[in-house]
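Take a look at the structure below.
Computation of the quantities below employed the complete heavy-atom set of this structure, encompassing side-chain atoms and omitting hydrogens, waters and symmetry-equivalent molecules.
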Amino acid sequence: MTEDMRELLLSRIRDVSDYPQPGVMFKDITPLLADPAAFGALTDTLAGVCARHGATKVVGLEARGFILAAPVAVRAGLGFIPVRKAGKLPGATLSQAYELEYGTAEIEIHAEDLGSDDRVMVIDDVLATGGTAEASLELIRRAGAEVAGVAILMELGFLGGRARLEPALQGAPLEALLTV
């Protein structure tokens, strides 16, 4: 990614102090999404990551990952698979529980949307602690597909998500466009 692209993306991400709770600096991507040039450039860049790693499908993690992954899938000519919170998908699903800082959560995927010939790129807006991304990799493999990699708009390096995710990647790449 070029320095100009990095600057464009960073200039469209707004810091919001004390949200959602005191002491947290929230990284708001809505200004980036509202700028068609920046959003288009981001979509092109992520579609290029998918092509470089031979992805056949794109997984988006609920909820902001949907906003990024769906246009990337269209741009790259690939199928889009949503990974949802438990209980949101109709029909037969595979589910995966994972640990949060305080408690647990569960995500689901329609297993029939993936097959053994699929290479899946996981796309999300932020890599924080890595729990959701790690659970999504497990779901993809349980559905019989191969992980092509994980592509993230922004990695919050101080939270250690990359280290947590590394074993679950099993050698697949993790590409963060920005690290803060």
Side-chain angles (χ1 to χ4, degrees), residues 29-30 32-33 39-156 159 161-177:
I29 67 166
T30 58
L32 189 155
L33 300 174
F39 193 19
L42 173 61
T43 300
D44 289 343
T45 300
L46 291 172
V49 171
C50 291
R52 226 177 19 262
H53 296 294
T56 62
K57 299 262 174 80
V58 174
V59 155
L61 303 182
E62 188 166 336
R64 290 182 306 263
F66 294 173
I67 297 167
L68 302 183
V72 167
V74 170
R75 183 78 43 96
L78 305 174
F80 169 71
I81 312 298
V83 170
R84 301 287 320 261
K85 294 175 183 169
K88 300 289 185 179
L89 290 171
T93 61
L94 287 176
S95 64
Q96 182 68 40
Y98 62 100
E99 296 292 321
L100 297 170
E101 188 175 352
Y102 301 103
T104 61
E106 191 172 359
I107 56 173
E108 295 180 332
I109 194 168
H110 279 140
E112 71 268 11
D113 293 339
L114 295 173
S116 60
D117 56 344
D118 283 317
R119 287 183 44 82
V120 182
M121 182 64 66
V122 176
I123 294 181
D124 204 5
D125 66 327
V126 173
L127 176 63
T129 62
T132 308
E134 181 183 40
S136 73
L137 299 178
E138 177 65 24
L139 279 178
I140 290 163
R141 290 187 178 109
R142 285 178 48 214
E146 181 181 349
V147 174
V150 177
I152 303 295
L153 167 60
M154 189 174 13
E155 178 179 354
L156 305 180
L159 290 177
R162 182 176 290 267
R164 176 180 180 168
L165 204 51
E166 199 66 40
L169 286 165
Q170 299 177 9
L174 167 58
E175 292 196 29
L177 301 184

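- Contact check for Ile67 versus Asp125: no side-chain heavy atoms found under the 4.5 Å cut-off.
- Between Leu165 and Leu137 there is a side-chain heavy-atom pair separated by less than 4.5 Å.
- Taken to the nearest 0.5 Å, the CD atom of Glu134 stands 10.0 Å off from the CD atom of Glu99.
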Walk me through it: do Glu62 and Lys88 pass the test salt bridge (charged side-chain N to carboxylate O under 4.0 Å, His left out)? CA-CA 10 Å; Glu62 188 166 336; Lys88 300 289 185 179; 5.8 Å; no

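- Scanning both residues, Ala76 and Ala47, for their nearest heavy atoms gives CB-CB, 4.0 Å.
- The minimum heavy-atom distance linking Val72 with Cys50 is given by the pair CG1-SG, 3.9 Å.
- Just one residue in the list Glu108, Glu106, Arg142 forms a side-chain hydrogen bond (donor to acceptor under 3.5 Å, both in side chains) with Ser95, and that residue is Glu106.
- Between Glu138 atom CD and Leu94 atom CG the span is 9.5 Å, to the nearest 0.5 Å.
- Considering only heavy atoms from C-beta on, Leu153 stays 4.5 Å or farther from Arg64 through its side chain.
- Taking CG from Asp113 and CD1 from Ile140, the interatomic distance works out to 12.0 Å, rounded to the nearest 0.5 Å.
- Rounded to the nearest 0.5 angstrom, His53 NE2 and Met121 CE are separated by 5.0 Å.
- Taking every heavy atom of both residues into account, Ala151 and Leu46 meet most closely at CB-CD2, 3.9 Å.
- Heavy-atom minimum distance, Ile107 versus Tyr98: CG2-CE2, 3.8 Å.
- Residues Leu177 and Leu42 form a side-chain contact, since some pair of their non-hydrogen atoms from C-beta on lies under 4.5 Å apart.
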Lys57 vs Leu114, side-chain contact (heavy atoms from CB on, under 4.5 Å): CA-CA, chis, key distance, verdict: CA-CA 8 Å; Lys57 299 262 174 80; Leu114 295 173; 4.1 Å; yes

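- To the nearest 0.5 Å, atoms OG1 (Thr132) and CG (Leu139) are separated by 11.0 Å.
- A distance of 9.0 Å separates CD1 of Ile81 from CD of Glu112, quoted to the nearest 0.5 Å.
- Here the side chains of Gln170 and Val147 are not in contact, with every heavy-atom distance at 4.5 Å or above.
- Between Phe66 and Pro71, the shortest heavy-atom contact is O-CD, 4.1 Å.
- Proximity of Leu127 to Leu174: side-chain heavy atoms (C-beta onward) are separated by under 4.5 Å at one or more points.
- What you find for Ala69 and Ile123 is that their closest heavy atoms are CB-CB, 3.9 Å.
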